[in-house]
A.B. asks: 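Here you go, one structure.
Starting from 1, each residue takes its place in the sequence as its number. Quick caveat: nothing in here was measured; it's all calculated off a predicted structure.
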Amino acid sequence: QVQLVESGGGLVQAGGSLRLSCTASGGTFSSYGMAWFRQAPGKERDFVAGITRSGSTTGYGAFVKGRFTISRDNAKNTVYLQMNSLKPEATAVYYCAARVLGGYASTAPASDYWGQGTQVTVSS
């Protein structure tokens with residue numbers, strides 16, 4: 001059973017930066033496509049960013065517009081999300097997700113494993 005644990009969330013002012021981390025255990029991290037999703041209260045869980053097993057290919061939600069960067073360190077079983085120029089509308093719970101077969105999941109139903117989430121709050 002794969003376990004994912006996110007960290008790095010918190011309160012930040014608009015225009016600031018945060019770096020989220022997600023560490024995996026219980027499986028072979030380098031064989032999983034990894035992704036970040038976010039969910040604001042009353043809204044659906046949206047795709048933020050994804051990265052393939054080797055890290056050679058990444059993808060981002062349309063709203064990211066170059067402000068976020070996803071990366072991974074397979075030696076540390078960890079995927080990261082660097083978020084810059086944060087806006088209040090980025091306030092949400094951010095979830096890490098793993099997909100066993102194929103590339104990273106760009107929709108929530110395509111993910112096989114989820115972390116518990118980390119809260120990101122951006123104040124105006």
A.B. asks: Using only atom types and a distance under 3.5 Å, with no angle test, would you say the side chain of R53 pairs donor to acceptor with the backbone of S31?
C.D. replies: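 Yes, because the side chain of R53 sits within donor-acceptor range (under 3.5 Å) of the backbone of S31.
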A.B. asks: Measure across S17 and N84 and return the closest heavy-atom pair with its distance rounded to 0.1 Å.
C.D. replies: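 The answer is OG-OD1, 2.9 Å.
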A.B. asks: Keeping Q13 on the side-chain end and S123 on the backbone end, is there a donor-acceptor pair under 3.5 Å?
C.D. replies: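 No: the side chain of Q13 does not pair with the backbone of S123.
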A.B. asks: What are the two closest heavy atoms between A97 and S111, and how far apart are they?
C.D. replies: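 Nearest pair, atom of A97 first, then S111: CB-OG, 3.4 Å.
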A.B. asks: Atom CG in L18, atom OG1 in T118: separation rounded to 0.5 Å?
C.D. replies: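 So the gap between those two atoms works out to 8.5 Å.
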A.B. asks: Tell me the closest heavy-atom pair linking L4 and C22, and the distance in Å.
C.D. replies: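 Smallest heavy-atom distance, with atoms named: CB-SG, 3.9 Å.
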A.B. asks: Linking I/L/V/M/F/W/Y whenever any side-chain heavy atoms sit under 4.5 Å apart, do V2 and V5 land together?
C.D. replies: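 Per the 4.5 Å side-chain linkage, V2 and V5 are not co-clustered.
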A.B. asks: From S56 OG over to I51 CD1, what is the distance, rounded to the nearest 0.5 angstrom?
C.D. replies: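 Going from OG on S56 over to CD1 on I51, the span is 8.0 Å.
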A.B. asks: So how far is it from T52 OG1 to Y32 OH, rounded to the nearest 0.5 Å?
C.D. replies: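 Here the rounded value is 16.0 Å.
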A.B. asks: Mind checking the CD-CG spacing from Q119 to L11? Nearest 0.5 Å is all I need.
C.D. replies: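 Taking CD in Q119 and CG in L11, the distance rounds to 9.5 Å.
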A.B. asks: To the nearest 0.5 Å, how far apart are SG in C96 and CD in Q116?
C.D. replies: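 The CD atom of Q116 is 9.0 Å from SG of C96, to the nearest 0.5 Å.
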A.B. asks: Check whether any side-chain heavy atom of M83 lies under 4.5 Å from a side-chain heavy atom of L20, and answer yes or no.
C.D. replies: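 Yes - at least one pair of side-chain heavy atoms lies under 4.5 Å apart.
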A.B. asks: Which atom pair, heavy atoms only, marks the closest approach of G115 to E6?
C.D. replies: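 Where G115 meets E6 most closely, the heavy atoms are CA-OE2, 3.2 Å.
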A.B. asks: Could you state the interatomic distance from NZ (K65) to OG (S85), rounded to the nearest 0.5 Å?
C.D. replies: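 Rounded to the nearest 0.5 Å, the NZ-OG separation comes to 12.5 Å.
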A.B. asks: Please report the closest heavy-atom contact between R72 and S30, naming both atoms and the distance.
C.D. replies: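 In this case the closest contact between R72 and S30 is NH2-CA, 4.1 Å.
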A.B. asks: Would you say T78's side chain and K76's backbone share a donor-acceptor pair under 3.5 angstrom?
C.D. replies: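 Checking the backbone N and O of K76 against the side chain of T78, a donor-acceptor pair under 3.5 Å is found.
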A.B. asks: Is there a side-chain contact between W36 and V79 in this structure, where contact means two heavy atoms from C-beta onward sitting under 4.5 Å apart?
C.D. replies: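 A side-chain contact exists here, since the closest heavy-atom pair is under 4.5 Å.
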A.B. asks: Using side chain to side chain contact (heavy atoms under 4.5 Å, CB included) as the criterion, list what pairs up with A90, not counting sequence neighbours.
C.D. replies: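 If we apply the side chain to side chain contact (heavy atoms under 4.5 Å, CB included) test to A90, skipping adjacent residues, the hits are R38, L86, Y94, V122.
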A.B. asks: Can you list the other members of the hydrophobic cluster that holds W114, where links are side-chain heavy atoms under 4.5 angstrom apart?
C.D. replies: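 Its cluster partners, ordered by chain and number, are F37, F47, V93, Y95, Y104.
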A.B. asks: Where is the tightest heavy-atom contact between G9 and V120, given as atom of each residue plus distance?
C.D. replies: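 So the two residues come closest at CA-CG2, 4.2 Å.
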A.B. asks: Let me see the working for Y60 and I70 under side-chain contact (heavy atoms from CB on, under 4.5 Å), right down to the final yes or no.
C.D. replies: CA-CA 9 Å; Y60 296 91; I70 188 171; 3.5 Å; yes
A.B. asks: Heavy-atom distance under 4.5 Å between the side chains of Y113 and Q1, does that happen here?
C.D. replies: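 Side chain of Y113 against side chain of Q1, heavy atoms only: contact under 4.5 Å found.
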A.B. asks: Looking just at side-chain N and O atoms, do T23 and N77 make a donor-acceptor pair shorter than 3.5 Å?
C.D. replies: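 Per modelled atom types, T23 and N77 side chains form no pair under 3.5 Å.
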A.B. asks: Do any pairs count as a ring pair (Phe, Tyr, Trp, His ring centres under 6.0 Å) and have a residue in residues 61-91, sequence neighbours left out, and if so which ones?
C.D. replies: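 Residue pairs with at least one partner in residues 61-91: there are none.
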